[in-house]
Amino acid sequence: MEEAKRILMISITAAALASVLNTAGGVVFHSRLLVINGLTCIANLVVIISNTYFYRKELEPEDLDHPFGHAGYSLSASVLTLLVYAFILGLGVDEVLNPSSYSVAGMAWLVPLVVAGLYTASVITIRRLGEQFVTYSNVTTSEIAESLVALAVLPLAHYMSFEIDRLGAAAMLIYLAYQVIANSKTILYKVTGPAPPRSVSEGLTKDISSMGVKVKDLKLRSVGDNYVAGYVIIETPPTESVEAAHELADKIETMALEKYNVKLVVHIEPERA
């Protein structure tokens, strides 16, 4: 838990610094591209703080309202991420369509250079926390791409024309729209509760069968980003006692949770000839 807190603090600090640098840099160095980057950095900061909240909620123990745990909060984090970035996308379009002219300062390129380094460190560290931060890390990777584009565009905008800066800002918005659409599709798929990778069901079936019983049926579904639930129907010899059958069910449930992170309900039926 302490390691997770440290990683989250690194990401929050990086997002906060990047927000200040890009937004202030956009105003001081007269760059709409940096302003757009600043808006997405502010969104990134809001997202990492909210993701931290949802991450803590996800770790809470089961209760009456959530008898199977709080794994679904990982999807809440992903949905909020998309909502925030979609809002920023709208603000960015308004900024890019502003017709007034301006002159980009020669030192503007220093801002994206520093910001790219901050976000690279953030993405590398946050991915160590697992799948619940995958959407955040994906959109944060786009922040790195934005900074690299700005690094190339801003000197040209300074020496040639501010319109290059405006075109760069428009390109950033197009890329952001692509990220929102792509991640929306992924989240909509996860909401349906799809089956986990086939290796999970095949591994479970093999391990249960190795205990000397027959797997009659196995149904699994993903809940959130890193949690799987389901049930299995097994057949045991008709001569097996009720006590032995319950011990076997407990053993299977424990194995499924520890080895595959699957919360499994085991139903036992007598084997029929």
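Both backbone and side-chain heavy atoms feed into the values below; hydrogens, waters and symmetry mates do not. For reference, positions follow the sequence shown, starting with 1.
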**Request:** Can you establish whether the number of heavy atoms outside Met160 located under 6.0 Å from its atom CE is more than 12?
**Result:** no
**Message:** On a heavy-atom basis, which atom in Leu264 and which in Leu220 lie closest, and how many Å separate them?
**Reply:** CD1-CD2, 3.8 Å
**Message:** For His246, is the NE2 atom crowded, meaning more than 12 foreign heavy atoms sit under 6.0 Å from it?
**Reply:** no
**Asked** How far does CE of Met172 sit from OG of Ser147, to the nearest 0.5 angstrom?
**Response** 9.0 Å
**Request:** Test side-chain contact (heavy atoms from CB on, under 4.5 Å) on Val228 and Val223 and set out the steps.
**Result:** CA-CA 6 Å; Val228 178; Val223 181; over 6 Å; no
**Asked** With a 4.0 Å cut-off, would you call Arg32 and Glu163 a salt bridge?
**Response** no
**Request:** Please determine which of Val262, Asn261, Leu218 meets the side chain to side chain contact (heavy atoms under 4.5 Å, CB included) test together with Val200.
**Result:** Val262
**Same apolar cluster (I L V M F W Y, side chains within < 4.5 Å links), Leu83/Ile42** = no
**Asked** Can you tell which of Val104, Leu110, Ile164 makes a side chain to side chain contact (heavy atoms under 4.5 Å, CB included) with Leu154?
**Response** Val104
**Prompt:** Which residues satisfy the side-chain contact (heavy atoms from CB on, under 4.5 Å) test with Leu17, sequence neighbours excluded?
**Reply:** Thr13, Leu118
**Message:** Quick check: closest heavy atoms across Arg221 and Thr192, and the distance to 0.1 Å?
**Reply:** NH2-O, 4.4 Å
**Request:** Please identify each residue that fulfils ring pair (Phe, Tyr, Trp, His ring centres under 6.0 Å) with Tyr231, with sequence neighbours left out.
**Result:** none
**Request:** Apply the test side-chain contact (heavy atoms from CB on, under 4.5 Å) to residues His267 and Val232: give CA-CA distance (whole Å), side-chain angles for both, the deciding distance (0.1 Å), then the verdict.
**Result:** CA-CA 6 Å; His267 177 72; Val232 61; over 6 Å; no
**Prompt:** When rounded to the nearest 0.5 angstrom, what is the spacing between OG in Ser31 and NE2 in His158?
**Reply:** 12.5 Å
**Prompt:** Does any donor atom in the side chain of Glu271 or Thr236 lie under 3.5 Å from an acceptor atom in the other side chain?
**Reply:** no
**Prompt:** What residues form a side-chain contact (heavy atoms from CB on, under 4.5 Å) with Lys214, not counting sequence neighbours?
**Reply:** Glu235
**Request:** For side-chain contact (heavy atoms from CB on, under 4.5 Å), just list the numbers for Ile36 and Val96, CA-CA rounded to whole Å, side-chain angles, deciding distance to a tenth of an Å, and then say yes or no.
**Result:** CA-CA 8 Å; Ile36 296 298; Val96 168; 4.3 Å; yes
**Prompt:** Which class fits the ring pair Tyr73 and His70: parallel under 30°, tilted 30 to 60°, perpendicular over 60°?
**Reply:** parallel
**Item:** Steps toward salt bridge (Lys or Arg N to Asp or Glu O under 4.0 Å) verdict (Glu95, Arg166)
**Value:** CA-CA 9 Å; Glu95 180 69 21; Arg166 193 200 301 269; over 6 Å; no
**Message:** Take a 6.0 Å sphere around OH of Tyr178 and say whether it holds more than 12 heavy atoms from other residues, nucleotides or ligands.
**Reply:** no
**Prompt:** Honestly curious: do Leu257 and Val265 fall in one hydrophobic cluster under the side-chain, below-4.5 Å linking rule?
**Reply:** no
